[in-house]
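Read the structure below first, then the notes.
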Amino acid sequence: MRLALFQPDIPQNVGACIRLSACFGVELHVIEPTGFAFDDRAMKRAALDYGPLGHMIPHADWTRFQQDRGPGRLVLFTTKASTSIRNFSFEADDTLLFGKETSGAPDYVHAAAHARVYIPIQPEARSLNLSVSAGIGLFEALRQTRTQVG
């Protein structure tokens with residue numbers, strides 16, 4: 001199981017996902033370019049002391065990510081999906097991909113995904129925070145695949 005962030009805009013979301021990576025023992029793939037200075041100093045500040053426990057892998061762009069991400073399905077979390085996380089069966093080698101905070105994922109990312117899922121929320125709400133969505137998605141995927149933590 002892996003997490004992946006497509007061109008994130010907000011360093012605090014990446015920091016929270018580094019913490020998810022550290023706490024649940026999964027890789028975090030960050031697909032550049034990011035909307036902020038993506039350097040050690042920024043990540044140390046955003047991830048606090050979880051950085052050394054995390055498993056973050058940066059990718060220069062979408063093409064490099066696709067070449068290097070490893071086996072398994074690419075599962076895109078998007079508000080444009082028709083399949084709810086409640087009705088989706090995860091597999092242990094899935095990569096859970098989350099789009100850019102400001103604009104989601106472009107058409108070519110949607111086209112590359114093996115599956116697209118959404119997290120149900122109240123109809124009057126627009127969306128969840130990126131790192132909150134990543135935590136919900138990762139926990140459900142690990143629960144379904146019975147992947148043990150710790």
Side-chain angles (χ1 to χ4, degrees), residues 1-32 34-35 38 43 46-123 125-150:
M1 191 70 56
R2 299 171 218 68
L3 279 179
L5 306 179
F6 179 81
Q7 300 179 352
D9 289 321
I10 302 170
Q12 292 84 354
N13 282 330
V14 177
C17 289
I18 289 170
R19 292 190 289 277
L20 285 172
S21 168
C23 291
F24 289 106
V26 299
E27 293 177 353
L28 171 63
H29 296 257
V30 178
I31 304 159
E32 297 183 57
T34 62
F38 191 58
M43 287 303 91
L48 302 173
D49 58 348
Y50 286 89
L53 297 173
H55 312 280
M56 187 176 66
I57 302 166
H59 300 275
D61 55 34
W62 174 252
T63 301
R64 292 302 292 256
F65 167 73
Q66 283 289 72
Q67 291 170 350
D68 299 339
R69 75 176 169 86
R73 300 179 306 176
L74 190 60
V75 180
L76 177 62
F77 280 72
T78 173
T79 59
K80 298 175 183 172
S82 58
T83 303
S84 167
I85 190 175
R86 293 177 181 147
N87 301 322
F88 187 76
S89 295
F90 291 93
E91 297 174 4
D93 62 352
D94 284 343
T95 297
L96 311 182
L97 177 61
F98 297 84
K100 190 177 205 171
E101 294 96 325
T102 54
S103 58
D107 290 343
Y108 65 89
V109 172
H110 277 264
H114 297 93
R116 287 172 293 286
V117 299
Y118 71 92
I119 299 168
I121 59 175
Q122 295 296 321
R126 191 175 40 140
S127 64
L128 291 165
N129 171 278
L130 171 71
S131 58
V132 170
S133 296
I136 291 168
L138 179 60
F139 187 83
E140 177 60 14
L142 292 173
R143 184 193 69 79
Q144 282 188 23
T145 59
R146 303 194 195 301
T147 304
Q148 297 297 314
V149 175

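Side chain of Glu101 to backbone of Asp9: a donor-acceptor contact under 3.5 angstrom is found. In this structure a side-chain-to-backbone donor-acceptor pair under 3.5 Å is missing from His55 to Val26.
Side-chain contact check for Thr83 versus Arg116: every heavy-atom pair is 4.5 Å or farther apart. Looking at Phe139 and Leu20, their side chains never come closer than 4.5 Å, going by heavy atoms from C-beta outward. In this structure, Pro8 and Asn13 have side chains that are not in contact, with every pair of non-hydrogen atoms separated by 4.5 Å or more. Annotation: side chain of Phe65 is not in contact with side chain of Val109 (no heavy-atom distance under 4.5 Å). Counting only heavy atoms from C-beta outward, the side chains of Leu5 and Phe98 approach each other to under 4.5 Å. Taking 4.5 Å as the limit, every side-chain heavy atom of Leu76 sits out of range of all side-chain heavy atoms of Phe6.
To the nearest 0.5 Å, the span separating OG1 on Thr145 from CD on Glu140 amounts to 9.5 Å. One finds the CD1 atom of Ile31 at 9.5 Å from the CG atom of Asp61 (value rounded to the nearest 0.5 Å). Remark: Ile10 CD1 to Asn129 CG distance equals 7.0 Å, nearest 0.5 Å. Rounded to the nearest 0.5 Å, atoms OG1 (Thr102) and CD (Gln7) are 9.5 Å apart. Here CE of Met1 is found 7.5 Å from CZ of Phe90. Values are rounded to the nearest 0.5 Å. Here OG of Ser131 is found 12.0 Å from CG of Leu138. Values are rounded to the nearest 0.5 Å.
Nearest heavy-atom pair, Ala115 versus Phe88, reported as atom, atom and distance to 0.1 Å: CB-CE1, 3.4 Å. Here the closest heavy-atom approach between residue Ile119 and residue Ser133 is recorded as CD1-O, 3.7 Å. Taking all atoms of both residues into account, the shortest heavy-atom contact from Ser127 to Thr79 is CB-CG2, 4.4 Å. Taking both residues in full, the closest heavy atoms of Thr95 and Ala4 are given as CG2-CB, 3.8 Å, listed atom of the first, atom of the second, then distance. Smallest separation of non-hydrogen atoms from Ile85 and Gly137: CD1-CA, 3.9 Å.
Each of Gln144, Arg73, Arg2, His114 was evaluated against Asp94; a single residue qualifies, Arg73, per the side chain to side chain donor-acceptor pair (under 3.5 Å) test. Between His59 and the choices Gln67, Arg69, His29, Glu32, the side chain to side chain donor-acceptor pair (under 3.5 Å) rule is met once, by His29.
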